[in-house]
Amino acid sequence: MPRQCEICQQARAVLRRPKTAQRICKDCFYHVFETEVHNTIVDNKLFKRGDRVGIGASGGKDSTVLAYVMKTLNDRHDYGLHLYLLSIDEGIAGYRDDSLETVKRNKEQYNLPLLIVSYEQLYGWSMDSIVEAVGRKNNCTFCGVFRRQALDRGALMLDLDHIVTGHNADDVAETILMNIFRGDLPRLSRCTEIATSGDGYMVRSKPFKYAYEKEIVMYAYLKRLDYFSTECTYSPNAYRGYAREFLKDLEAVRPSAILDIIHSGEAMRIAQEVVMPVVSRCERCGYISSNTVCKACVLLEGLERGLPKLGIAKSMKNTQDLLAEKISRVIICSKMVSACSGAKQ
Ligand code: SF4
C-alpha cells in the first residue's frame with residue numbers, strides 16, 4: 001500500500017531522505033532541501049545585498065545544484081545578489097574539457113554570466129603536463145594549490161566580493177578526518193568554518209556545508225539538472241578517496257555520522273599555546289602565504305627546474321613536524337559530546 005508523505009500527509013511518499021530517514025514526496029523534498037540551504041545562508045549571514053557572488057562551477061553535481069539553488073533562492077527571497085559562474089580549466093583532456101561543456105550549457109539554462117580561467121593561462125602548465133612531469137602520486141597536491149589561487153584570480157577578474165563553492169557535508173566531514181589523520185592543526189581549525197577570508201582577497205563560503213551528498217544527487221536527478229558525472233582521470237590516487245570510503249562505511253551503519261563529525265570538528269578548539277602560521281604575502285607573486293614564498297610558487301619552481309618533488313617534500317616535512325610537535329595539544333571541548341548528538345538544522 002502506498003505510503004503518505006510524512007511532511008504534508010497528502011501526497012504519496014516517493015523517497016526516503018538520507019539525512020533524516022523520513023519518507024516524503026518530491027515537492028516536500030525540494031522544499032526542505034532548499035529551505036535548509038536558505039537557513040544556512042541566513043543564519044550565517046553569508047551575503048549582503050548587492051554582493052557580486054561567483055559560483056565555483058565545475059559542471060559536476062554539487063556545483064550545478066549550487067548554481068540552480070543559488071539562483072532559485074536569490075529570486076525567491078530577493079537576496080539582491082549578482083551571480084556569476086566561475087570555472088577553472090585544469091587542462092585534463094577527456095575530463096575537464098567535457099565537464100566545461102556542461103557549464104557552458106548551464107550558463108544558458110540559468111542565464112548567468114560565465115568566466116573560465118585555465119592553469120595553462122595562469123601558470124603555463126596544464127594538469128596533463130604536470131602529471132607527465134610528476135607522475136600520478138602527488139598530482140592532486142599541485143591541482144589543489146593551483147585551483148585555490150586560480151579561483152581567486154578569476155574572482156579578481158570579475159571584481160567579485162564573494163565566492164561560493166559546492167563543498168557539501170560529506171566533503172567537510174572528509175576534510176576533518178583527513179586533517180586529523182595528518183595532524184594538520186591549522187587546517188583542522190579552519191576547515192569547519194562555513195566562510196573563510198584567509199585568502200586575503202574575498203570571502204569564500206560553503207552554502208551546502210550541511211547538505212548530504214546523497215541528497216544533492218537526488219535533487220539533481222529529480223529536477224533533471226544537466227550535470228557531468230565522470231570522475232577525474234587522475235582521481236584514484238587522491239588521498240581523499242580513502243577518507244571518503246571510510247566515511248561511507250560509517251554512514252552505512254549510522255547515517256548521522258556525517259553531521260556528527262562536522263559538529264565534533266566545530267566543537268574542537270586548538271590550545272592557545274599552539275603557534276599558528278602567520279599570514280603574509282608571497283614575495284614573488286603577492287598571493288597570501290604563511291611563508292616568504294607561497295606554495296604555488298614553490299611548486300611551479302620545482303616544475304620549471306625539473307625538480308617536481310621540491311614543494312611536496314617540504315610540505316611532508318612540515319606536516320610531520322606539526323604532527324610531532326603539536327598533535328598532543330589539541331583540546332576537545334567538553335561540549336563536543338552534546339554537539340555530536342545535536343542536529344544543527
Ligand atoms: Fe585535480 Fe586531483 Fe581533483 Fe583531478 S582528482 S581534478 S587532479 S584535485
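Computed from a prediction, not measured in an experiment: that's the story for all the values here. Both ligands and their constituent atoms are indexed starting at 1 by order of listing. Below, all heavy atoms of this structure are taken into account, side chains as well, without hydrogens, waters or symmetry copies.
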Ligand 1 atoms in contact with [X] (distance to a heavy atom under 4.0 Å):
X	value
Cys140	2 (Fe), 5 (S), 7 (S), 8 (S)
Asn139	7 (S)
Cys232	4 (Fe), 5 (S), 6 (S), 7 (S)

Any Lys/Arg nitrogen of Glu301 or Arg305 sitting under 4.0 Å from an Asp/Glu carboxylate oxygen of the other?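 Salt bridge: yes.
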Against the six-membered ring of Tyr30, is Lys223 placed for a cation-pi contact (under 6.0 Å from the centre, within 45° of the normal)?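 Lys223 over Tyr30 ring: yes.
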Presence of N, O or S from Cys143 under 2.8 Å of atom 4 (Fe) of ligand 1: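 Checking Cys143: none of its N, O or S atoms is under 2.8 Å.
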Step-by-step ring pair (Phe, Tyr, Trp, His ring centres under 6.0 Å) determination, His38 to Tyr79: CA-CA 10 Å; His38 171 64; Tyr79 292 161; 5.8 Å; yes
Is the closest heavy-atom distance from Arg147 to ligand 1 below 4.0 Å?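 In this structure, Arg147 qualifies as a contact of ligand 1 - some heavy atom is under 4.0 Å.
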Taking side-chain contact (heavy atoms from CB on, under 4.5 Å) as the criterion, tell me which of Ser58, Ser118, Cys232 meets it with Arg96.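 Exactly one pass, corresponding to Ser58.
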Please test His162 against Phe47 for ring pair (Phe, Tyr, Trp, His ring centres under 6.0 Å), starting from the C-alpha separation and ending with a verdict. CA-CA 8 Å; His162 195 125; Phe47 312 114; 4.7 Å; yes
